[in-house]
**Student:** 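Just passing along the structure, written as structure tokens.
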Amino acid sequence: MRLERRFQVKKPREKVVALIEQDETLTGLFPDTDTRVVDRSGDRRTMVSRYRALGREGEATFHFTFQEDGNVRFEKVCDGKVWRRLRGTLSFEERGSMTRISVELDGKTKTLVPEFTIKGPMEEQIDQMVTALKRRIRTGS
């Protein structure tokens, strides 16, 4: 399953990338959860997010790796319950005085988990991430 959202903001790429590197921006990508950075190692940050979905509580771990070009790759540490693989990217392209931001998710569910059952929640997740990014970039310094 592959999902992608794009939007533009009226800020230079350099300022957008600086905001993305802040812990508050990364933890804000997962609204309505208790999310915190638990490790900072070189160009990588590890976050743990406690959530409630389908009547169950759970914990998800994500690794965010900051690339030299300012883009960010992330991946979920898959626990074998739903996802076999879940990765994503945040990329930033300067367009004059604007910056185009792309949020991409690419995942493969476990064999017995049909993708159509998780597609709706994943579309909601990526939309929440985009909303959080827009808000943070608009109000960030």
Side-chain angles (χ1 to χ4, degrees), residues 1-96 98-141:
M1 168 185 347
R2 184 168 171 78
L3 300 172
E4 181 177 12
R5 301 290 189 271
R6 291 188 171 132
F7 64 97
Q8 292 193 133
V9 295
K10 289 185 179 184
K11 286 204 179 190
R13 185 180 191 278
E14 179 181 297
K15 288 192 178 202
V16 172
V17 169
L19 283 169
I20 296 304
E21 292 174 349
Q22 296 177 2
D23 289 353
E24 299 82 21
T25 303
L26 293 179
T27 57
L29 293 175
F30 304 96
D32 304 326
T33 64
D34 173 23
T35 302
R36 66 194 182 289
V37 175
V38 296
D39 185 51
R40 290 175 191 83
S41 300
D43 62 356
R44 184 166 105 171
R45 289 201 201 124
T46 299
M47 297 180 5
V48 172
S49 183
R50 293 202 50 77
Y51 63 89
R52 184 168 181 82
L54 303 173
R56 295 183 180 175
E57 289 189 16
E59 189 172 272
T61 301
F62 291 88
H63 298 296
F64 283 78
T65 305
F66 297 86
Q67 309 292 300
E68 286 185 27
D69 62 3
N71 294 334
V72 181
R73 295 190 184 282
F74 60 93
E75 66 181 301
K76 180 181 187 290
V77 175
C78 297
D79 56 12
K81 294 178 184 175
V82 175
W83 294 103
R84 187 179 326 173
R85 179 189 80 243
L86 182 60
R87 298 180 183 141
T89 58
L90 302 171
S91 57
F92 314 97
E93 178 184 348
E94 192 152 23
R95 296 182 156 207
M98 307 281 283
T99 300
R100 182 181 190 185
I101 301 168
S102 296
V103 181
E104 300 176 33
L105 293 175
D106 184 34
K108 183 88 174 140
T109 58
K110 298 294 284 183
T111 305
L112 298 175
V113 180
E115 286 188 359
F116 73 87
T117 62
I118 200 73
K119 187 170 183 169
M122 287 311 297
E123 286 186 347
E124 185 177 320
Q125 175 72 47
I126 197 170
D127 289 341
Q128 288 176 349
M129 292 172 83
V130 165
T131 299
L133 275 175
K134 285 180 182 177
R135 184 179 313 119
R136 177 71 175 148
I137 292 167
R138 191 172 47 245
T139 62
S141 51

**Student:** Can you give me the closest heavy-atom contact between G28 and A132, atom names plus distance?
**Tutor:** O-CB, 3.1 Å
**Student:** Starting at NZ of K119, measure out to OG1 of T117 and round the result to the nearest 0.5 Å.
**Tutor:** 12.0 Å
**Student:** Could you tell me whether the side chain of R84 reaches within less than 4.5 Å of the side chain of C78, counting heavy atoms only?
**Tutor:** no
**Student:** Please report the interatomic distance CG(L90) to CG(L26), rounded to the nearest 0.5 Å.
**Tutor:**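 Rounded to the nearest 0.5 Å, the CG-CG separation comes to 8.0 Å.
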**Student:** First locate atom CD1 of I101, then atom CZ of R5, and finally report the distance between them rounded to the nearest 0.5 Å.
**Tutor:**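 Answer rounded to 0.5 Å: 15.0 Å.
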**Student:** Should the heavy atoms of other residues, nucleotides or ligands under 6.0 Å from NZ of K76 be counted, would the total exceed 12?
**Tutor:** yes
**Student:** Could you walk me through whether W83 and I118 pass the side-chain contact (heavy atoms from CB on, under 4.5 Å) test, one step at a time?
**Tutor:** CA-CA 10 Å; W83 294 103; I118 200 73; 3.8 Å; yes
**Student:** For D32, does the CG atom sit with more than 12 other heavy atoms under 6.0 Å from it, leaving out its own atoms?
**Tutor:**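 Open: at most 12 neighbouring heavy atoms sit under 6.0 Å from CG of D32.
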**Student:** Quick one: CG on L19 to CG on L133, what's the gap to the nearest 0.5 Å?
**Tutor:**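 The CG atom of L133 is 10.0 Å from CG of L19, to the nearest 0.5 Å.
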**Student:** Would you check if L29 and F62 make a side-chain contact, meaning some heavy-atom pair closer than 4.5 Å?
**Tutor:**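 A side-chain contact under 4.5 Å is absent here.
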**Student:** What orientation do F30 and F64 show, parallel under 30°, tilted 30 to 60°, or perpendicular over 60°?
**Tutor:** perpendicular
**Student:** Taking side chain as C-beta onward, heavy atoms only, is L3 less than 4.5 Å from E123?
**Tutor:**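 A side-chain contact exists here, since the closest heavy-atom pair is under 4.5 Å.
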**Student:** Please report the interatomic distance CZ(R138) to NZ(K11), rounded to the nearest 0.5 Å.
**Tutor:**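 So the CZ of R138 and the NZ of K11 are separated by 10.0 Å.
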**Student:** Please enumerate all residues that pass side chain to side chain donor-acceptor pair (under 3.5 Å) together with T46, with sequence neighbours excluded.
**Tutor:**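 Expected list: H63.
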**Student:** So, N71 side chain and F92 main chain: donor-acceptor pair closer than 3.5 Å or not?
**Tutor:**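 Yes.
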**Student:** Could you tell me which non-hydrogen atom of R13 sits nearest to which non-hydrogen atom of E93, and how far apart they are?
**Tutor:** NE-N, 4.2 Å
**Student:** Checking the side chain of S102 only, and the main-chain atoms of S91 only, is there a donor and an acceptor separated by less than 3.5 Å?
**Tutor:** no
**Student:** Just checking, any donor-acceptor pair under 3.5 angstrom between side chains of T27 and T35?
**Tutor:** no
**Student:** Compare every heavy atom of M1 with every heavy atom of M122, then report the nearest pair and how far apart it is.
**Tutor:** CB-SD, 4.1 Å
**Student:** Roughly how far apart are E104 CD and E4 CD, rounded to 0.5 Å?
**Tutor:** 4.0 Å
**Student:** Taking C-beta and beyond as the side chain, do R44 and R73 meet within less than 4.5 Å on heavy atoms?
**Tutor:**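 R44 vs R73: side chains apart.
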**Student:** Using modelled atom types and a 3.5 Å cut-off, is there a donor and acceptor pairing between side-chain atoms of R85 and backbone atoms of E75?
**Tutor:** no
**Student:** With heavy-atom distances below 4.5 Å as the criterion, would you say the side chains of F74 and L105 are in contact?
**Tutor:**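 In contact.
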**Student:** Is the CD atom of E14 crowded by more than 12 outside heavy atoms at less than 6.0 Å?
**Tutor:**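 Check fails, neighbour count at 12 or below.
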**Student:** Side chains of T99 and I137, heavy atoms from C-beta outward: is any pair under 4.5 Å?
**Tutor:**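 Answer no - side chains too far apart.
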**Student:** Can you give me the closest heavy-atom contact between R50 and T33, atom names plus distance?
**Tutor:**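 For R50 and T33, the tightest heavy-atom pair comes out as O-CB, 3.2 Å.
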**Student:** Within a 6.0 Å radius of atom CZ on R87, are there more than 12 heavy atoms belonging to other residues, nucleotides or ligands?
**Tutor:** no
